[in-house]
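What you see is a predicted model; the values in this text were computed from it and never measured.
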Amino acid sequence: MGLADASSDFLAGLDAGDTEALAALGARRRVAAGATLLREGHRSETVALVQRGRLKISYMSVDGREVILAIVGPGSVLGEVAAIDGEPHSSSAIALEPVEVAIIPAARFRAFVAERPSVGMALLRTLTRRLRDSDRRQVEFATTDTVGRVSACLIDLADRYGDGDDMGIRLSQDELASLTGASREAVVKALATLRSRGWIETARRSIRIIEREALVNRRVAP
């Protein structure tokens with residue numbers, strides 16, 4: 001479902017020299033689990049490069065619900081859009097676990113991108129993939145039931161952060177509901193369905209995939 005944001009591909013698109021030079025522009029900062037690195041609606045003059053740990057990217061809906069847009073990890077760039085257009089952040093970045101980032105002044109980031117066309121292209125590709133992922137996610141939310149969306153989410157998280165079977169990341173049922181665009185009650189029922197079929201095993205904030213092929217097939221067909 002593209003729930004792991006394409007922003008994590010930014011540093012992967014740079015050569016080693018550009019990656020080291022960019023990181024050298026910033027100061028190392030540690031962020032505790034649960035702490036907010038970037039806050040929706042606030043302005044800041046920095047860009048963050050994630051070097052360790054994972055964060056959730058979310059915003060608050062008009063009715064006060066948290067909507068999780070993506071999970072990002074090492075290699076992600078955060079705050080680059082606000083650094084470019086000068087507008088407030090459109091979403092928040094909250095640490096799911098202890099995180100280390102390089103904090104780069106926005107002016108330095110803009111100058112670095114302007115001086116190195118290959119970096120500018122990598123940033124453009126990142127933003128384009130993010131838009132494509134957003135479009136694809138909207139289509140899947142409109143055409144796939146909750147069991148299918150949960151199946152897709154579990155596979156995506158296991159592939160990106162786990163070992164192919166375990167998600168490798170601890171999420172609450174509320175966070176999983178937000179990621180899949182469903183209610184907590186619907187997600188609880190979906191997990192129960194998958195568990196009853198023997199496709200997954202669950203523990204507190206932990207889900208292990210038992211029948212991967214079944215989840216792959218279920219993500220697109222009821």
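Summarising the geometry, atom OG belonging to S151 is positioned 10.0 Å from atom CG belonging to N217; distances are rounded to the nearest 0.5 Å. How far OG of S92 is from NE2 of H42: 8.0 Å, rounded to the nearest 0.5 Å. Annotation: the span from I68 atom CD1 to L96 atom CG amounts to 7.5 Å, rounded to 0.5 Å. Of the inter-residue distances, the one linking S178 atom OG with L171 atom CG reads 10.0 Å to the nearest 0.5 angstrom. Put simply, CZ on R170 and CD1 on I207 are 9.5 Å apart, with the number rounded to the nearest 0.5 Å. Between the CD atom of E185 and the CD atom of Q173 there is a distance of 9.5 Å, given to the nearest 0.5 Å.
Although no hydrogens or angles enter the test, the distance criterion places a donor-acceptor pair under 3.5 Å between the side chain of R149 and the main chain of T144.
Pairs of residues two or more places apart, or lying in two chains, never qualify as salt bridge (Lys or Arg N to Asp or Glu O under 4.0 Å) while including a residue from residues 31-51. Counting only residues at least two apart or on different chains, the side-chain hydrogen bond (donor to acceptor under 3.5 Å, both in side chains) pairs with a member in residues 57-67 are K56-E66, S58-E66, S61-D63, D63-R65.
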Taking only distance into account, with no hydrogens and no angle test, what donor-acceptor pairs under 3.5 Å do side-chain atoms of residues 14-21 form with protein atoms, sequence neighbours excluded?
residue, atom, partner, partner atom, Å
D15, OD1, G17, N, 3.1
D15, OD1, D18, N, 2.7
D18, OD1, R116, NH1, 2.5
D18, OD2, S118, OG, 3.4
T19, OG1, D15, O, 3.1

Would you list the atom pairs, donor with acceptor, under 3.5 Å between side chains in residues 83-90 and any protein atom, with sequence neighbours excluded?
residue, atom, partner, partner atom, Å
D85, OD1, E87, N, 2.8
H89, NE2, S44, OG, 2.6

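Residues passing the salt bridge (charged side-chain N to carboxylate O under 4.0 Å, His left out) test with R197, sequence neighbours excluded: none. With sequence neighbours excluded, the residues that form a side-chain contact (heavy atoms from CB on, under 4.5 Å) with A111 are E115. Annotation: side-chain contact (heavy atoms from CB on, under 4.5 Å) contacts of P98 (sequence neighbours excluded): A33, R52. Taking the salt bridge (charged side-chain N to carboxylate O under 4.0 Å, His left out) definition, one finds that R195 meets it with nothing, sequence neighbours left out. Partners of A48 under the side-chain contact (heavy atoms from CB on, under 4.5 Å) rule, at least two apart in sequence or in another chain, are L37, L78, V101, I103. Qualifying side-chain hydrogen bond (donor to acceptor under 3.5 Å, both in side chains) partners for T36, counting only residues two or more places apart in sequence or in other chains: none. Remark: R184 engages D174 in a salt bridge (charged side-chain N to carboxylate O under 4.0 Å, His left out) (not counting sequence neighbours).
Counting only heavy atoms from C-beta outward, the side chains of L176 and L191 approach each other to under 4.5 Å. Looking only at side-chain heavy atoms (C-beta outward), L55 and I94 stay at 4.5 Å or farther from each other. In this structure, the side chains of T202 and L194 stay at 4.5 Å or more apart for every pair of heavy atoms. You'll find the side chain of T46 stays beyond 4.5 Å of the side chain of F109, heavy atoms only.
The environment of R110 atom CZ is dense: over 12 non-hydrogen atoms of other residues, nucleotides or ligands sit within 6.0 angstrom.
Residue L157 is not grouped with residue V188 when hydrophobic side chains (ILVMFWY) are merged at heavy-atom distances under 4.5 angstrom, including chains of intermediate members. In this structure, F10 is a member of the same hydrophobic cluster as L25, with clusters built from ILVMFWY side-chain heavy atoms closer than 4.5 Å.
Counting all heavy atoms, side chain and backbone alike, G79 lies closest to V47 at O-CG2, 3.9 Å. Across all non-hydrogen atoms, the minimal contact from A93 to I57 is CB-CD1, 3.7 Å. Taking all atoms of both residues into account, the shortest heavy-atom contact from I155 to V216 is CD1-N, 3.4 Å. When all heavy atoms are compared, the tightest approach of V31 to A95 is CG1-CB, 4.0 Å. A pairwise comparison of heavy atoms in A102 and A23 identifies CB-O, 4.3 Å as the closest pair. Taking all atoms of both residues into account, the shortest heavy-atom contact from A186 to A182 is CB-CB, 4.3 Å.
Of the charged side-chain nitrogens involved, none lies within less than 4.0 Å of a carboxylate oxygen, so that R208 and E201 do not count as a salt-bridged pair. Salt-bridge check for R130 with E80: passed, with a basic side-chain N closer than 4.0 Å to an acidic carboxylate O.
Cluster partners of L124, using a side-chain heavy-atom cutoff of under 4.5 Å among ILVMFWY residues and allowing indirect links, are M121.
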